[in-house]
Amino acid sequence: MGLLPFKLVYHPGYDLNLGEHVFPSKKYALIREQFLRQHFADESDFDRPEAATDEDILLVHDPGWVQRLKDGTLSYVELLRLEIPYSRPMVDAFWLAAGGSIRAARNALRDRVSYNIGGGFHHAFREHGEGFCAIHDVAVAIRRLQTDGQIERAMVVDCDVHQGNGTASLFATDTTVFTISLHQLNNYPSEKPPSDIDVDLPDGVGDTEYLEKLRDALASGFAEFRPDLIMYIAGADPYREDQLGGLALTESGLKARDAMVLGSAVQRGIPVAITLAGGYAWNTADTVAIHCNTAQAALVSCF
Ligand SMILES: [Zn+2]
């Protein structure tokens, strides 16, 4: 039966197989283990997705980019921008992450909330990948559900410390998808194409200021736009101990962030699907704990 009122979407193939790399792609398996160890979930709470089909991926991405990824014929410059080593398991992991986010989006319509133990690859563009992101799983999920007539309008709430440049670019002229990004201004990506709402945070912002800005952004977003589904990109990298982030949120501040996003969605009766995105704490256990806390906030929001 399971212990949870929603599913934890997970596939062992989510691991991007990066070896020694700042991106701890083993975190997905570690999060799953932590859920089991803490008796937060049991085996039947996990939902194993299929990989996205090429047809799904092509709803968002350029056929040439997709083909070069699959064939292993990316140029040197394309590989440099991606910043992760090329391998077949890496490519498969992106197709699985997209399949997982599609599954999570559909589950959210059924269960009100859902959690993909993966995804959130918000730096992927139509014709290229960058910043560890080759395929924009969140955009693929939105396009799949729109194409199938399951939703008309979606909102992306991106709380990763890095701006959601891929998301902003992909939906720039699309009035059916509303994009919100809260991020550190002086950080990657150097070029930030405009989201519908961008909150540029100065270095070192802590819990109180962050939560005020988030509350304002959500209020403005919901005043302008009523989505059928929210895709919440719950990056763990606004954490003060993050190697690639320059904000100063505490673990409890990040819990309050999750509660605010999830609460504001549930309160309005809008389904919300969670994806994980970045997290580069000096201690990977902190990244894992922050992501697990997001699932706990999802559980609390169900009651
Ligand atoms: Zn990030």
Side-chain angles (χ1 to χ4, degrees), residues 4-9 31 97-98 100-123 133 136-142 145 151 153-164 166-168 170-171 177-183 195-199 210-211 213-215 217-222 225-239 249 253-279 287 290-302:
L4 292 171
F6 59 90
K7 292 290 179 191
L8 302 164
V9 178
I31 292 164
S101 291
I102 293 170
R103 180 71 64 87
R106 286 188 177 134
N107 287 352
L109 299 184
R110 184 190 62 200
D111 301 331
R112 292 188 296 165
V113 298
S114 68
Y115 184 105
N116 186 10
I117 311 180
F121 295 112
H122 59 160
H123 303 309
C133 302
H136 200 309
D137 57 290
V138 171
V140 170
I142 290 170
L145 269 64
I151 61 166
R153 292 149 65 87
M155 178 185 277
V156 180
V157 178
D158 188 340
C159 291
D160 190 274
V161 80
H162 304 102
Q163 196 245 4
T167 321
L170 287 167
F171 297 119
V177 181
F178 193 91
T179 56
I180 299 176
S181 178
L182 261 82
H183 48 263
S195 313
D196 289 300
I197 296 177
D198 279 301
V199 181
Y210 185 96
L211 293 168
K213 295 271 173 65
L214 175 60
R215 184 178 298 113
L218 291 169
S220 306
F222 288 123
F225 191 86
R226 171 79 198 195
D228 304 312
L229 172 69
I230 293 171
M231 299 297 291
Y232 174 32
I233 300 182
D237 48 13
Y239 182 49
L249 274 73
L254 288 159
K255 282 186 193 176
R257 171 199 73 167
D258 295 334
M260 191 179 283
V261 173
L262 294 161
S264 68
V266 169
Q267 193 182 75
R268 291 172 173 82
I270 304 165
V272 54
I274 297 161
T275 58
L276 302 191
T287 297
I290 291 163
H291 287 313
C292 288
N293 291 341
T294 304
Q296 288 185 6
L299 178 59
V300 170
S301 77
C302 291

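The structure presented is a predicted model; accordingly, all values stated were derived computationally and were not measured. Values below: every heavy atom of this structure, side chains too, minus hydrogens, waters and symmetry copies.
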Distance-only, no hydrogens or angles: does the Asp160 side chain make a donor-acceptor pair with backbone N or O of Gly278 under 3.5 Å? yes
Side-chain (Arg268) to main-chain (Ser264) donor-acceptor, under 3.5 angstrom: yes
What I'd like to find out is whether the side chain of Ser195 reaches to under 4.5 Å of the side chain of Gln163, using heavy atoms alone. yes
Value rounded to 0.5 Å, distance of CD1 in Ile197 from CG in Leu218: 8.0 Å
From the list Val9, Thr294, Leu299, side chain to side chain contact (heavy atoms under 4.5 Å, CB included) with Tyr115 holds only for Thr294
Under the rule for ring-ring contact (aromatic ring centres under 6.0 Å, His included), what residues qualify as partners of His162, not counting sequence neighbours? none
Rounded to the nearest 0.5 Å, how far apart are CD1 of Ile151 and CD1 of Ile142? 6.0 Å
Minimal non-hydrogen separation, Phe225 against Ala154, with atom names: CE2-O, 3.4 Å
Answer yes or no: is there a donor N or O on one side and an acceptor on the other, between the side chain of Ser181 and the main chain of Asp198, under 3.5 Å? no
Closest contact, heavy atoms only, Ser114 versus Asn107: CB-CB, 3.9 Å
What heavy-atom pair brings Gly119 and Thr275 nearest, and what distance separates the two atoms? C-CB, 3.8 Å
Side-chain donor or acceptor of Asp137 paired with backbone N/O of Phe121 under 3.5 Å: yes
Check residues 227-236 and write down every donor-acceptor pair under 3.5 Å in which the side-chain atom is one partner and the other belongs to a residue at least two apart or another chain.
residue	atom	partner	partner atom	Å
Asp228	OD2	Glu152	N	2.8
Asp228	OD2	Arg153	N	2.8
Tyr232	OH	Arg257	NE	3.1
Tyr232	OH	Asp258	OD1	2.5

Nearest heavy-atom approach of Ser101 to Asn116 is OG-ND2, 3.1 Å
